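Only a predicted model underlies this, so the values are computations on that prediction, with no experimental measurement involved. All ligand and atom numbering here is 1-based and tracks the order in the structure.
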Amino acid sequence: GGMASLSRFKGALVGAVLGDCVGGEFEGAEEVPMENVLRHLNGLDDETKGDGTLEYSDDTAMARCVVQSLLTRAGFDEQDMARRFAKEYSLAPGRGYGSGVIQVLKKLSSSQLSDVYQPARDQFNGRGSFGNGGAMRVAPFALAFPDLSDVKKYSRSGAMLTHSCSLGYNGAVLQALAVHLSLQGALELPAQFLDKLISEMEEVEDEEASRNDARALKEAEKPFCERLYRLRDLMDRSKVSIEEVICELGNGIAALHSVPTAIFCVLHCLQPRESLPPHYGGLERTMAYSLALGGDTDTIACMAGAIAGAHYGIEVIPEAWMKCCEGAKEAEVTAQRLHALYHQRAQGG
Ligand code: F2R
Ligand code: MG
Ligand code: MG
């Protein structure tokens, strides 16, 4: 499809849901043989499956809150979004939330709260969370705002409702930028895509709060930029093993150890790979590869799925996968409404 086409919007939202649903199987696994991944994915074609047998987790539960809030308020409203997170958690607490963020979600449901960002600031002795919970749910921000500076501003604020550490919210900004650029067709030129992400993150990580957090956590001066440079080195190699990817970029629950990894999965799978079935298209390759990394598979596949889906569009998504994954059909419908909001804004309406 063309730039910011409806197909790309649908692909992004549905891709995220699929990644979450199919990735749940291996979350927390240390080693995941590709054989097991392919067996899992081939099993989705089974006629007896369908009707959402694979349930979504916190990644999608929170992304749905983001979508509903952005649509209802026709933009970012922190009070409304916070309320939706809290309500969703209280209605379905068993979706596999991070152990820290649960505290925030409980506090956000209090009616006496004067500052919705305060519970997040109180996390981890005042340091805030650096988990990938802000990034895993950020895709709708990339789809709601045509202006890149708005995507940056609001994805950051949206993440700060639960993640006040810059290593948490900057991961969300990076993921939102990747989805947004992919939506514009930027993955047609992978090297330029990565250059653009780096130049944007150089600016983002130049802020004082980011520099302070990086220093306190003994990370590189600009941690996400450093990972993106490593990613570029990996892309330039003719062969890269799963172990090298995990070692250089990570596969963990921290945003720093998962957002650049998800971006790498997408870039690596733009072309056919020896370890993956030749009949697989790019989106299937991205999913399979994300799962084979092990670790935080639902979240890495969810983030990679959003970027890849925005690139390839909805047409390439296997119907059997759509049927198996809870919430996939609904994501396709709501993507249409985000598409309308985006183009309304783009026309200055
Ligand atoms: N939580 C999971 N999966 C594991 C458990 C699943 C479930 N409970 C079960 O077994 O049934 N998955 C989901 O969590 C990730 C997103 O987490 P989020 O929203 O960022 O949560 P949190 O609690 O803020 O951070 C996650 C963990 O990271 C560590 N951490 C974060 N900041 C820290 C800091 N400043 N200092 C020390 N540690 C910090 C903590 O261990 C947090 O618990 C996604 O994978 C999603 O799928
Ligand atoms: Mg999850
Ligand atoms: Mg996860």
Side-chain angles (χ1 to χ4, degrees), residues 16-30 32 54-66 81-82 84-86 88-89 92-108 117-139 155-156 158-175 209-210 212-219 223 250-259 261-262 265 287 290-291 293-306 325-327:
V17 175
L18 294 185
D20 180 15
C21 290
V22 304
E25 174 80 6
F26 303 109
E27 193 188 20
E30 241 182 64
V32 184
L54 295 179
E55 290 180 0
Y56 63 72
S57 75
D58 57 333
D59 305 49
T60 303
M62 295 194 89
R64 287 162 58 108
C65 296
V66 173
M81 200 171 283
R84 286 173 194 272
F85 288 157
E88 169 60 34
Y89 174 71
R95 292 269 187 195
Y97 286 86
S99 50
V101 77
I102 290 171
Q103 305 297 326
V104 181
L105 298 173
K106 286 179 181 162
K107 289 183 189 169
L108 286 177
Y117 293 105
Q118 195 53 45
R121 286 189 206 109
D122 294 338
Q123 292 295 93
F124 300 98
N125 297 316
R127 274 185 226 108
S129 172
F130 52 61
N132 55 20
M136 72 185 181
R137 63 173 189 251
V138 84
S155 61
R156 180 181 195 267
M160 285 175 93
L161 289 169
T162 49
H163 292 67
S164 74
C165 176
S166 65
L167 278 96
Y169 62 73
N170 282 345
V173 173
L174 174 57
Q175 168 65 10
S210 299
N212 289 342
D213 287 345
R215 205 173 302 122
L217 288 161
K218 298 192 166 57
E219 292 290 346
N251 63 359
I253 209 164
L256 187 63
H257 303 153
S258 50
V259 179
T261 311
C265 290
M287 288 288 163
S290 307
L291 269 49
L293 292 179
D296 195 358
T297 49
D298 67 331
T299 304
I300 294 174
C302 171
M303 296 188 294
C325 298
E326 180 192 13

Distance in Å, [X] [atom1] paired with [Y] [atom2], rounded so as to fall on 0.5 Å steps:
| X | Y | atom1 | atom2 | result |
| --- | --- | --- | --- | --- |
| M160 | S166 | CE | OG | 9.0 Å |
| L54 | E25 | CG | CD | 8.0 Å |
| E219 | L167 | CD | CG | 6.0 Å |

Quick one: does any side-chain atom of [X] pair with a main-chain N or O of [Y] as donor and acceptor, under 3.5 Å?
| X | Y | result |
| --- | --- | --- |
| R137 | G158 | yes |
| S258 | A254 | yes |
| T261 | G250 | yes |

Practice prompt. Could you name all protein N, O or S atoms found under 2.8 Å from the Mg ion (ligand 3)?
Written response: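 Near the Mg ion (ligand 3), the protein supplies E27 OE2, D296 OD1, D298 OD1, T299 OG1.
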Fill in: Parallel, tilted or perpendicular: rings of F124 and F130 (30°, 60°)
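The rings of F130 and F124 lie parallel, inter-plane angle below 30°.
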Discussion item. Counting only heavy atoms and a distance below 4.0 Å, can you name the residues contacting ligand 1?
Written reply: E27, D58, D59, G96, Y97, G98, S99, G100, V101, F124, G128, S129, F130, G131, N132, G133, M136, H163, I253, D296, D298, T299
Practice prompt. Decide side-chain contact (heavy atoms from CB on, under 4.5 Å) for T299 and D20; before the verdict, give the C-alpha distance in whole Å, the side-chain angles of both, and the deciding distance to 0.1 Å.
Written response: CA-CA 6 Å; T299 304; D20 180 15; over 6 Å; no
Worksheet item: Salt bridge between E27 and R95, side-chain N to carboxylate O under 4.0 Å?
Response: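 Between R95 and E27 there is no salt bridge, as every charged N stays at least 4.0 Å from the carboxylate O atoms.
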